[in-house]
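Residue numbering restarts at 1 for every chain, and letters A, B, ... go by the order of the sequence lines.
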Amino acid sequence: MPVIEVKNLQKYFGKTKAVDGVSFAVEKGEIFGFLGPNGAGKTTTIRCMMDFVRPTEGEIEILGKDAQKDSVELKRKIGYLSDMPRFYNHWSAGKHLAFQQILRGRSQIINDLLKKFGLNQKLRFSNLSSGNRRKLSIILALMNQPQVLLLDEPTLSLDPLLQNAFHLYIEDFARAGGTVFMSSHNLSEVEKICDRVGIIKEGKMVAVEKISDMKLMKMYDVNFRAQGVDPKIFKDENTEVVSHTEGLITLKVKGDINPIIKKLAKIEVKDLEIIHISLEDTFMEFYEASRNPAEVPMNIGTKEDRK
Amino acid sequence: MTRLIWETIKEKKWPIIIYSASSLLLLLLYVALYPSLQSQTQQLGEILKAMPESLLKAFGSASSQLTNFTLESLLATKQFSLVFQSLAAILAITFAGNDISAEIEKGTIEFLLSQPISRLKLYFARFLSTAILLTIFAAVSTLSVIPMAAAFHIDYVAASYYKLFLVAWLYSLAVYAIAFCLSTIFSHKGWVYGISAGIIIVMYVAFLVSALKDNLDSLKYISFFHYFSADVLFSGTIDKLGVWIFVLTIVVGVAIGAVVFNKRDIATS
C-alpha cells in the first residue's frame with residue numbers, strides 16, 4: 001500500500017482552477033519530487049495534503065488515513081515545511097521549537113539538528129536571515145521524527161553546504177523507511193536525491209517518471225556543417241530541425257541517435273558536434289510538450305510500474 | 001488545550017494589562033474626586049431647595065440627581081455611559097482580529113495547523129483565552145470600585161457593582177463574539193476591525209436616535225448600548241432582555257464562527 005495516494009485531486013478557488021485531476025502514489029522509503037512552473041498547482045496540492053485547503057473533488061490518503069478526516073492523527077506523523085517560512089516575528093527561534101514540543105512532545109534529536117544546521121535559537125524570528133528562517137523550518141519539520149515529510153521548496157535560500165547537509169539527511173531519512181514528498185524548482189536537487197518525479201503544469205499532472213528513466217530519455221543537440229544539404233531529410237518524429245543557416249544545421253534528437261548518424265554518414269560533413277542534453281532540458285521538454293497535455297503519455301506510477 | 005489557552009493568554013498579556021490599568025486609573029480618579037464633588041453638590045442642592053417649586057420643575061431630573069448625588073450616579077454618567085463600552089469594544093475587536101484573520105494574513109496559522117490539533121480545538125482555545133482576558137478586564141473595570149470606595153470611606157451599593165460586572169462582561173463577550181465570527185470569515189484583520197467597529201457605531205447611533213426621536217424609539221432594541229446603559233447603576237436592576245440578547249449573540253456568533261472556520265480553506269498568500 002502506498003504511503004501517499006492522491007486520486008483525481010481537483011481544487012477550484014471560485015471559478016479558478018488550481019489543481020485539475022492530479023493522481024499519484026508514493027511508496028514507503030521513496031523520495032518523490034514534485035516539479036512544475038510557478039502557479040502550476042504544487043503548493044495547492046501540498047496544502048490539500050495538509051488539510052489547509054479542502055479539495056473540490058478527489059481523495060488523499062496518507063499512511064492509509066484520510067487526509068481530512070484523520071488530519072489530527074496524521075499530523076503527528078507528518079513533518080511539514082512551507083514554501084515560505086512564516087512564523088511569529090516576536091518569538092525567538094527557541095520559543096518556536098519549545099512551542100512545538102509542547103504540542104508534539106519532547107524531541108529526541110533536536111540537539112543533533114541544531115548542531116547539524118547551526119541555528120541560533122536566541123534570535124527573534126524577525127531578526128533571522130532568510131537562510132536561518134529556512135533552517136528553523138527544516139528543524140521544525142524534522143525534530144519530532146515524522147514518518148512522512150511534505151516539503152515545499154525545502155532548500156530555497158540555503159547555502160550549498162547546508163543544501164548538501166539537508167540532502168544527506170533526507171536520503172538517510174528515506175533509507176530508514178521515511179517517505180518524502182517535495183516540491184522543488186531546483187532540478188539538480190531533484191536529479192540528485194529523488195527516486196521519482198511528478199511534473200505538474202496548469203493543474204494537471206503531465207508525467208510521473210523515475211529519475212533513472214528520465215536520465216535514459218536521451219536527448220541530443222546535433223550541430224554540423226554541410227553544404228548543399230536539404231535539412232528536411234533529417235526530419236522525422238524524433239528529430240526536429242532547430243536551425244539552418246549558411247550550411248550550419250542544428251537538430252534536436254529524442255531517443256536513439258543511430259538513425260541520424262546513418263544519415264550523416266551518407267553526406268559530406270565538415271564539422272560535427274553531438275551534445276547529450278541535461279536533465280534540466282529534459283524537464284523543459286516536458287513543460288513545453290505539456291502545452292498540449294493530451295500529447296504526453298501519462299504514467300500514474302503504480303507500484304508494479306516502478307519495479 | 002489548556003496549554004494552548006495558557007500560551008495564548010501569555011501572548012496577549014500586555015494589551016490586557018494596559019487596558020485594565022487605564023480603566024483602573026479612571027475609576028480611581030472618579031472615586032478620589034467624589035468626596036469634593038459631593039460637598040459641592042450638597043451646597044448646590046441647598047440653593048435649589050430655596051428656589052420656588054415651579055423653577056425646580058424646569059431643571060427636571062437634573063435637580064433630583066443633584067439632591068441624590070451618589071458614587072453610583074457619578075460613575076454611571078462618567079465611566080459607564082460610553083467610556084467603558086468603548087474601551088471594551090476596542091479591546092474585544094482587536095483581540096478578535098488577531099485571533100484568526102491576522103494569523104491567516106501573516107501565514108502563521110500554517111505553523112499552528114501543521115501541529116496535531118484540530119481546527120475546532122484551536123478555535124475554542126482562542127475563544128476561551130480571550131474570554132478569560134475580557135473577564136479580567138470587566139472585573140477590574142467594575143468590581144475594583146468596591147475596595148476603592150472602602151479605602152476612601154465612601155458609601156457604595158456593592159450589589160450594583162456585581163450586577164454591573166455581569167452586564168459589562170456579557171457586553172464585552174457579545175462584541176467579541178461578533179468580531180471573532182468575522183475573523184473566521186475574512187483573511188485580513190483590517191476587514192474585521194472595520195466591519196466590527198462599523199456595527200458598534202451603527203448601534204450607538206441607533207441608541208442616540210431612539211432617545212431623541214419618540215417615533216424611532218424601537219430602534220434602541222438593536223443597540224447593545226440600550227441593554228448596557230448606566231441604568232444598571234442608577235436603578236440597581238438588570239435588563240433581563242438585554243442579558244438574553246447578549247447570551248444569544250455570544251452563542252450564535254461563536255457557533256457560526258466554528259462552522260465557518262472548520263469548513264473554510266486556509267489559503268495563506
* Heavy-atom count around B:Lys163 NZ within 6.0 Å, excluding the residue itself: above 12? -> yes
* Structure fact -> Closest heavy-atom pair, B:Arg264 versus A:Arg54, reported as atoms and distance to 0.1 Å, is O-NH1, 4.3 Å
* Asked: Can you say whether the rings of A:Phe99 and B:Phe111 are parallel (under 30°), tilted (30 to 60°) or perpendicular (over 60°)?
  -> tilted
* Asked: Should the pair B:Asp265-A:Lys11 be classified as a salt bridge under the 4.0 Å nitrogen-to-oxygen rule?
  -> yes
* Considering residues, nucleotides and ligands other than B:Tyr221, do more than 12 of their heavy atoms fall under 6.0 Å from its OH? -> no
* Under-4.0 Å salt bridge between B:Glu11 and A:Lys95 -> yes
* Asked: Take atom NZ in A:Lys69; do more than 12 heavy atoms of anything else shown fall under 6.0 Å from it?
  -> no
* Asked: Of the backbone (N, CA, C, O) and the side chain (C-beta and beyond), which part of A:Ile102 lies under 4.5 Å from a heavy atom of chain B, both, or neither?
  -> side chain
* Asked: Should we say atom NZ of A:Lys116 is surrounded by more than 12 heavy atoms from elsewhere, each under 6.0 Å from it?
  -> no
* Structure fact -> Heavy atoms of A:Ser82 and B:Glu110 approach each other most closely as OG-OE1, 3.1 Å
* **Flag if over 12 foreign heavy atoms under 6.0 Å of CH2, A:Trp91** => yes
* Structure fact -> Tightest non-hydrogen contact, residues B:Ile266 and A:Val53, listed as O-CG2, 4.1 Å
* Who passes ring-ring contact (aromatic ring centres under 6.0 Å, His included) against B:Tyr227, sequence neighbours left out? -> none
* Contacts with chain A made by residues 113-136 of chain B (heavy-atom distance under 4.5 Å), listed by residue number -> B:Leu113, B:Ser114, B:Gln115, B:Pro116, B:Ile117, B:Ser118, B:Arg119, B:Arg126
* Structural part of A:Tyr80 lying under 4.5 Å from a heavy atom of chain B -> side chain
* Give a yes or no on this: more than 12 heavy atoms of other residues, nucleotides or ligands lie within 6.0 Å of atom NZ of A:Lys122. => no
* **Side chain / backbone / both / neither for A:Leu140 at chain B, heavy atoms under 4.5 Å** => side chain
* Max heavy-atom pair count under 4.5 Å with chain B, selected residue of A:Lys77, A:His90, A:Gln68 -> A:His90
* Asked: Which value, rounded to the nearest 0.5 Å, describes the distance between B:Arg3 atom CZ and A:Leu103 atom CG?
  -> 9.0 Å
